[in-house]
Amino acid sequence: MVLFTSTEGKRYEAEKATVRELLEVWRLKKAIGAKVNGVIVDCDKEFTVDTEFTPVMPDTEEGLDLLRHSTAHLMAHAILRLYPEAKFGIGPSIKDGFYYDVRFPNPISEDDLQKIESEMRKVAQEKIPLVREELSMSDAKEYFSNRGEDLKVEMIENLEGEILSIYKEGDFVDFCRGPHVPHTGCCKFFKLLSVAGAYWHGDEKNEMLTRIYGTAFGTEDELKDHLRRLEEAKARDHRKLGKELDLFSIHPEGPGFPFFHPKGMVVMNKLIEVWRNEHTKRGYVEIKTPMILDRALWLQSGHWDHYKENMYFTEIDEAPFAIKPMNCPGGILVYKNSIHSYREFPIRMGELGFVHRHERSGALHGLMRVRAFTQDDAHIYCTPEQIKDEIKAIMDIDRYFYQEVFGFKYHVELSTRPEDSMGDPELWELAEKCLKEALEETGTEYRLNPGDGAFYGPKIDFHLEDCIGRTWQCGTIQLDFQLPEKFDMTYIGADGAEHRPVMLHRTILGSLERFMGILIENYAGAFPYWLAPVQAKLLQVSSQFEEYTQELNSKLRLAGTRTEVDYRDEKLGKKIRDAQLQKVPFMLVIGQKEAETGTVAVRDKVKGDLGSMTFDELIELFKSQYNPIS
RNA sequence: GCCGGUGUAGCUCAGUUGGUAGAGCAGCUGACUUGUAAUCAGCAGGUCGGAGGUUCGAGUCCCCUCGCCGGCUCCA
């Protein structure tokens, strides 16, 4: 039984003090207009702490947030005990956990997490109540100032209002809006995960603090489950799988410049094939523009002014050149190579453009963040009247690839005019209207990011959700009013006069390299048949069947199947195991029986034994596999 | 770039307080001729990321450097 009193003296009690119920009471209090300062901690004087209090877990997001936030405080408390010199920054709850930014007298490492964690458990066992108090701003400032908490003082200085709520947890005091769990014993199922650097206020000009990440849940099962998911994500890491499956490599000789191996190239080329097929069907043409172009072009396009830090430069015969970070200027030269009529519009010009961008060394990450990658780019030149339909058409390509081909869930975000935008406000308005209407008329739900557009135009972004719930931005549709102006692009309208075309930039997969990384993780390396580097592996029971195996292999290759033969003198079990580990979709076993009857024993990677088949039956089986390239 | 961690054989890793570099897998050779997730034996494989320093002696300690890993938006 938990009893407490609101600040106006009204008495409440909760039979089963689950965090959820406490939150309900909190809402109730809010509803009746009581002064609400927290869940129950604001009532410390009247509040009887039930020492057996065990919150049944918050199955609400708020409850989980609250628990994690309190666990962050608990961690800070433990840190203070172990490192009395430590000073504290902020400690919020985040998706899947919490962190606290701390300035330690001496750097700490991951090994120290164990120590901090055990101290947290001690503090938790002591069931120290979290007590809310209120101070005036000046008192609060003095209070934290006396404790040498300069970071807290700085934060207080930036706060508005007159009253500051603080939470006392034994010797540890933090200012905090709350609410919190009643006492430290409520934080039971937590784990500290990692330690990292983080700039104060996220600004690299500021000092760097030590950030400790942790997670917390309401039940042991949920915590374990979460930790298992982290393990699962690790096991799917495309960098690990890329090595194990021999798809690609990255070498110290080229940081951020991936090398694709034969098996990786199969996947890459299949992506390109389906991309080309689909774009051809949808009225696209394809071009290819050079990687190195005169600096003057980049001056004209504005990249020199806006993108220089991310570009690589070179010289040809002592004249300055740049390596393209984007494909648009090159594409525009193709457009401008001839006169265009409105009758040609819309022109949909695709390019698998290999671009180089200098990313900061610390930002590199496998195939996900690289310094050279292939954009599945396209530029669409059209009249203002055509914008909306073109956007809808692009959205349908996105739908086709994400949903139909790869089975991803995805969501859409619309980013509108930023403060430092360039160009005619009327055009901006038209463009945003087009994007919005295209979204609404197709019944697409979207998130709005006001002010998040590029300086040259608004955009729609597509975010994929992989099978373990992580999201990746891939596709984008951007309207551009700057480049047509800068390059004085024109077309001849029905009136015989020159007009300015509208230019759209768009990608579907974003970067082929990154998309491949996403696919590796999404499939955990087990590519579907149409993408699998090796679709079927031939396993002979012993070397005496080599002739039949070779014959079958060349027949399958002629039929367009990607096969490999395991010629090693190993037992079948070993060969099966290795093929399974290489995640090959089909294993074809050849032994005495098969050689005699001219058949093959088929084993599906997932379903297991499919029995014996003739060659024709086998080809039928392969043809029945999903394949978007028809 | 910055903070922390890390770098030993193709891969995954071990290497005590500084004292002659190890294992498993993969590879090669041989034996076995194998029926649905690892047959056995042998051989070979490393300037311990690179450069400097301390020391009689450095994979181990110090400094520099490079790569890699985690993180650097998510408001007390």
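The chains referred to below are lettered A, B, ... by the order of the sequence lines, with proteins before strands, and numbering in each begins at 1.
- Across all strands, A:Glu594 comes closer than 4.0 Å to base atoms (heavy-atom distances).
- A distance of about 10 Å separates the C1' atoms of B:G50 and B:G67, rounded to the whole Å.
- Minimum atom distance to the side chain of A:Lys574 is reached by B:U39, of the listed B:G35, B:U39, B:A37.
- In this structure, CD of A:Gln544 is placed 9 Å from C1' of B:U34, rounded to the nearest angstrom.
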A:Lys115 and A:Glu119: salt bridge (Lys or Arg N to Asp or Glu O under 4.0 Å), yes or no, with the steps?
CA-CA 6 Å; A:Lys115 201 166 64 180; A:Glu119 190 64 32; over 6 Å; no
Show the numbers, then the answer: is there a side-chain contact (heavy atoms from CB on, under 4.5 Å) between A:Arg447 and A:Val412?
CA-CA 6 Å; A:Arg447 194 179 303 163; A:Val412 179; over 6 Å; no
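- A:Tyr410 and A:Phe462 have tilted rings, their planes meeting at an angle from 30° to 60° on a 0 to 90° scale.
- In this structure, A:Arg211 forms a cation-pi arrangement with A:Tyr99, its terminal cationic atom sitting closer than 6.0 Å to the ring centre and no more than 45° off the ring axis.
- The distance from atom CD1 of A:Ile116 to atom C1' of B:G4 is 13 Å, rounded to the nearest whole Å.
- With RNA chain B read from its 5' end, the first of the two nearest nucleotides for A:Gly573 and A:Pro252 is the one closest to A:Gly573.
- Every residue meeting the side chain to side chain contact (heavy atoms under 4.5 Å, CB included) condition with A:Ser145, not counting sequence neighbours, appears here in chain and number order: A:Val153.
- Ring-plane geometry between A:His411 and A:His463 is classed as parallel, the angle between the planes falling under 30 degrees on a 0 to 90 degree scale with a further cut at 60.
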Go through the steps for A:Ile212 and A:Phe104 under the test side-chain contact (heavy atoms from CB on, under 4.5 Å), then give the verdict.
CA-CA 11 Å; A:Ile212 301 181; A:Phe104 285 96; 4.0 Å; yes
Detail all sub-3.5 Å separations between protein N/O atoms and N/O atoms belonging to nucleotides 27-32 of chain B.
residue: B:C32; atom: N4; partner: A:Asp569; partner atom: OD2; Å: 3.1

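- If you take CG of A:Asp246 and P of B:A26, they are 16 Å apart, rounded to a whole angstrom.
- The two residues A:Gln540 and A:Phe545 come nearest to each other via the heavy atoms OE1-C, 3.6 Å.
- Here the shortest heavy-atom pairing between A:Ala76 and A:Tyr100 reads CB-CE1, 3.8 Å.
- A:His251 comes within 4.0 angstrom of nothing in the nucleic acid, heavy atoms only.
- When the C1' atom is used for both B:C11 and B:U54, the distance is 35 Å, rounded to whole Å.
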N/O-N/O pairs, protein side and nucleotides 72-75 of chain B side, under 3.5 Å:
residue: B:C72; atom: OP1; partner: A:Tyr213; partner atom: OH; Å: 3.4
residue: B:C72; atom: O4'; partner: A:Gly197; partner atom: O; Å: 3.4
residue: B:C72; atom: O2'; partner: A:Tyr199; partner atom: N; Å: 3.4

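- Taking CD of A:Glu617 as the reference point, atom OG1 of A:Thr614 lies at 3.5 Å (rounded to 0.5 Å).
- The two residues A:Val589 and A:Ile576 come nearest to each other via the heavy atoms CG2-CD1, 4.4 Å.
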Output, in order, the C-alpha distance, side-chain angles, deciding distance and verdict of side-chain contact (heavy atoms from CB on, under 4.5 Å) for A:Leu247 and A:Leu241.
CA-CA 8 Å; A:Leu247 300 170; A:Leu241 288 169; 5.6 Å; no
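- Positionally, the nearest nucleotide of RNA chain B for A:Leu581 lies more toward the 5' end than for the other of A:Asp237 and A:Leu581.
- Across all strands, A:Gln592 comes closer than 4.0 Å to base atoms (heavy-atom distances).
- Taking OH from A:Tyr213 and CG from A:Leu113, the interatomic distance works out to 13.0 Å, rounded to the nearest 0.5 Å.
- Contacts of A:Lys152 with the nucleic acid, taken as non-hydrogen atoms under 4.0 Å apart, involve only primed sugar atoms and P, OP1 or OP2.
- The same atom, P, is picked in B:A26 and in B:C63; the two are 41 Å apart, to the nearest Å.
- Protein atom CZ of A:Arg103 is 15 Å distant from nucleotide atom P of B:C3, rounded to whole Å.
- The base of B:U33 sits with one of its N or O atoms less than 3.5 Å from a complementary donor or acceptor on the side chain of A:Ser542.
- Atom CZ in A:Arg239 sits about 14 Å away from atom C1' in B:U6, given to the nearest Å.
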Short N/O separations, protein against nucleotides 12-14 of chain B, under 3.5 angstrom:
residue: B:U12; atom: OP1; partner: A:Lys243; partner atom: NZ; Å: 3.2

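- Rounding to the nearest 0.5 angstrom, the gap separating the CG atom in A:Leu414 from the CG atom in A:Leu448 is 5.5 Å.
- For the C1' atoms, the distance from B:U60 to B:U8 is 11 Å, rounded to whole Å.
- A:Thr215 and A:Asp96 form no side-chain donor-acceptor contact under 3.5 Å, judged by distance and modelled atom types alone.
- Between A:Phe586 and A:Tyr529, the ring-plane angle classifies as perpendicular under the 30° and 60° cut-offs.
- The distance between atom CG of A:Leu364 and atom P of B:C68, rounded to the nearest whole Å, is 6 Å.
- B:U16 and B:C75 are spaced 49 Å apart, taking the C1' atom of each and rounding to whole Å.
- Here the C1' atom of nucleotide B:C69 and the CE atom of A:Met368 are 15 Å apart, to the nearest Å.
- When rounded to the nearest whole Å, the span between CZ of A:Arg577 and P of B:C25 equals 11 Å.
- Dashed line: the shortest gap from a side-chain N or O of A:Ser361 to OP1 or OP2 of B:G1 is under 4.0 Å.
- B:C3 sits 11 Å from B:U65 when the P atoms are compared, rounded to a whole Å.
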Residues A:His261, A:Asp246; criterion side-chain hydrogen bond (donor to acceptor under 3.5 Å, both in side chains); working and verdict
CA-CA 7 Å; A:His261 298 191; A:Asp246 199 18; 2.7 Å; yes
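- Between the C1' atoms of B:A21 and B:G15, the separation comes to 8 Å (whole Å).
- Taking the P atoms as reference points, B:G49 lies 8 Å from B:A9, given to the whole Å.
- In this structure, the separation between NE2 on A:His77 and CZ on A:Phe88 is 9.5 Å, given to the nearest 0.5 Å.
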Base-pair map of RNA chain B as dot-bracket, where | denotes pairing with a different strand and pairs are Watson-Crick or G-U under 3.5 Å:
(((((((..((((.....[..)))).(((((.......))))).....((.((..]....)).)))))))))....
Extract from the structure each pairing of a protein N or O with an N or O of nucleotides 44-47 of chain B at less than 3.5 Å, listing the distance.
none

